[in-house]
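Every value quoted in this text rests on a predicted model; they were computed, and no experiment measured them. Naming convention: chains lettered A, B, ... in sequence-line order (proteins, then strands); numbering from 1 in each chain. No hydrogens, no waters, no symmetry mates; every other heavy atom, side chains included, goes into these values.
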Amino acid sequence: MSDELSEVPAASEFTSDEMMTVAASRSLHDGAVCFVGIGLPSTAANLARRTHAPGLVLIYESGTLGTKPQRLPLSIGDGVLAETADSVVGVPEIFNYWLQPGRVDVGFLGGAQVDRYGNINTTVIGDDYDSPEVRLPGAGGAPEIATSCGEVLIVMRHSPRAFVSDVDFITSVGHGRDGGARAELGLPGRGPVKVITDLGVLQPDERTNELTLTDLAPGVEVERVRAATGWPLRVAEELGAQQPPTDRELRILRELKATLGNGESS
Amino acid sequence: MARILQLDTAVAELVNDGDTVAMEGFTHLIPMTAGHEIIRAGRRNLTLCRMTPDLIYDQLIGAGCARKLVFSWGGNPGVGSLHRFRDAIQNSWPVPLEIEEHSHAGMANRYVAGASGLPFAVLRGYAGTDLPAHTDTISTVRCPFTGEELAAVAALNPDVGVIHAQRADRAGNVQFWGITGVQKETVLASARSLVTVEELVDELPAQPGAVVLPSWAVTAVAEVPGGSHPSYAQGYSERDNTYYQDWDAISRDRERFRQWLDTEIHGSERSPR
């Protein structure tokens, strides 16, 4: 990571989504075992493997262990994941043998809503589960990724609709409704350690676990992040600034995205 | 021993109105054509089980075949939402849809318990989530050895399990490989099973990493080349990503969806693959 940052920042333009993807990529340490979903997490993990973390181990929930796709997969069932994996196992095995006992260091999550304690909702918008305003896709692998991975990185675009004080439904637990759930439930993983957005980075406060603004994306002001956050956002005493993507990061990221052709959007 | 049948005969014989049906394939080897045949057969009041009710169940739900959905993730993979699934839950169109919702780990373990002949499975799951409050097949159990409280999920034992595989031999032994998902568990958990295959062969060639289901564990096999289109069948066909993207617009609109049903399912001249 550090040698990446010492490179000269890109002179070229970059988008906030590219910054977000690069920031997610930089959060992955070489040699870590990473549980990856399709979309931005998959792009970020594959970018990391091509830059600072060639030893990153990618696991997709479809059962591919140590996969090294030469292009971005279109779905978690994409054949390229199976063909380039160290091992392909069934779905019960991926969850029971590999995720559940704590063999995965980092899990990526996103969702329709995240709240001040890093709880995620991908189930329903609205107070009534039986008659939702919007029915979302549901849990997928996320509830157990949230509890069993060593740590969780949340990646989401910042907006008041998405960053709410309390999620309508806890699909995947962060720090619970009051910030202290992980200790109460005896959960093995640390839970969300970072929320990476297009405006910057939030991290749980060491004492309260409330998500706090710790880094700003290039060109973004604190007020803009506050306006996009549905609770009174606190700002870390030492507010950091994200380093823009390097030329190399941008080039490799764009090469990767080009492998999708007309595929998915993130 | 498995019988080799035509797809329409197999569906007519194995899938009844009101059955609990699991059609699995974890974004690979999805038994799409078998799903179309169930729509064509006009089956109603099905309880549909599937970890990822993607396009295959969006189509069955929109066609009014289902009264209940048991699932863990309902989206159009890599594209976005499932609009027929949403319309059924939010607006009861074309018929009300009851749901029973799990996580992937929970669903996978339900099939494992079903395949194992056990009443439930144990996992470290659902901690801190709101799911158990809404799903009565999620509970807890205390470990008799350590006293630890763990999640328990009820076994899933469908009336019919339907999967798509790469190959079967003429005796009905089934072979599939690549991302194998929960298909083995689905067949073994189900009272009856139907396997559509890319091809019937005289003898199954050795295939590294393949799952083989012996003929005596399968009810029926039907040869359906391209039966997982638009998902892929490793070694046979790639994902037709345009179909997934086009489905977004078709499924958004009830009238367009009806037209799709008329031409692609009920029409005599369907689009060539």
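- No donor-acceptor pair closer than 3.5 Å links the side chain of Q90(B) to the backbone N or O of S131(A).
- Within the 4.5 Å cutoff, no side-chain heavy atoms of D78(A) are placed close to those of R239(B).
- Counting heavy-atom pairs under 4.5 Å between each of S81(B), A127(B), G74(B), A108(B) and chain A puts G74(B) at the top.
- Scanning both residues, V182(B) and P92(A), for their nearest heavy atoms gives CG1-CD, 3.6 Å.
- For the pair Q100(A) (side chain) and L123(B) (backbone), a donor-acceptor distance under 3.5 Å is absent.
- No donor-acceptor pair under 3.5 Å is formed between the side chain of R135(A) and the backbone N or O of R86(B).
- For a residue to count as touching a neighbouring chain, one of its non-hydrogen atoms must lie under 4.5 Å from one of that chain's; by this rule E133(A) touches chain B with the backbone only.
- Of the atoms belonging to Y232(B), it is side-chain heavy atoms, and not backbone ones, that fall under 4.5 Å from chain A.
- In this structure the side chain of E144(A) never reaches within 4.5 angstrom of the side chain of H104(B), judged on heavy atoms.
- Neither the backbone nor the side chain of Y244(B) comes within less than 4.5 Å of any heavy atom in chain A.
- Looking at I30(B), there are no atoms closer than 4.5 Å to chain A (heavy atoms on both sides), in backbone or side chain.
- Heavy-atom pairs under 4.5 Å with chain B peak, among G141(A), S42(A), G63(A), S87(A), at G141(A).
- Looking at R182(A), there are no atoms closer than 4.5 Å to chain B (heavy atoms on both sides), in backbone or side chain.
- When every heavy atom of L74(A) is checked against every heavy atom of N241(B), the shortest pair comes out as CD2-ND2, 3.7 Å.
- For E149(B), no part lies under 4.5 angstrom from a heavy atom of chain A.
- Contact check for I89(B) versus P132(A): side-chain heavy atoms found under the 4.5 Å cut-off.
- Here the closest non-hydrogen pair linking W73(B) and G138(A) is CD1-O, 3.8 Å.
- The contact between N96(A) and chain B is made entirely by side chain atoms (from C-beta outward), counting heavy-atom distances below 4.5 Å.
- Between F169(A) and L131(B), the closest side-chain pair of non-hydrogen atoms falls below 4.5 Å.
- Side-chain contact between T180(B) and V88(A) is absent, with no heavy atoms from C-beta onward closer than 4.5 Å.
- More than 12 heavy atoms of other shown residues, nucleotides or ligands fall within 6.0 angstrom of atom CG in D128(A).
- Among V91(A), I145(A), L136(A), L185(A), the residue making the largest number of heavy-atom pairs under 4.5 Å with chain B is V91(A).
- Interface remark: V124(A) contributes no atoms to any contact with chain B (heavy atom separation under 4.5 Å).
- Within the 4.5 angstrom heavy-atom criterion, no atom of Y111(B) approaches chain A.
- Heavy atoms closer than 4.5 Å to chain A are found nowhere in M107(B), neither backbone nor side chain.
- Of the atoms belonging to L187(A), it is side-chain heavy atoms, and not backbone ones, that fall under 4.5 Å from chain B.
- Taken from OG1 in T27(B) to CD in E61(A), the straight-line distance is 9.0 Å, to the nearest 0.5 Å.
- Within a 6.0 Å sphere centred on CD of E206(A), heavy atoms belonging to other residues, nucleotides or ligands number 12 at most.
- Considering every non-hydrogen atom in both S103(B) and P143(A), the closest pair reads CB-CG, 3.8 Å.
- Considering every non-hydrogen atom in both G128(B) and I170(A), the closest pair reads O-CG2, 3.3 Å.
- Chain B forms the most heavy-atom pairs under 4.5 Å with one residue out of P101(A), G79(A), S75(A), and that residue is G79(A).
- No donor-acceptor pair closer than 3.5 Å links the side chain of Y129(A) to the backbone N or O of H134(B).
- To the nearest 0.5 Å, atom CD1 of residue I99(B) and atom CG of residue D130(A) are 7.5 Å apart.
- I76(A) CD1 to I179(B) CD1: the interatomic distance, rounded to the nearest 0.5 Å, is 7.5 Å.
- A 6.0 Å sphere centred on CG of D127(A) holds no more than 12 heavy atoms belonging to other residues, nucleotides or ligands.
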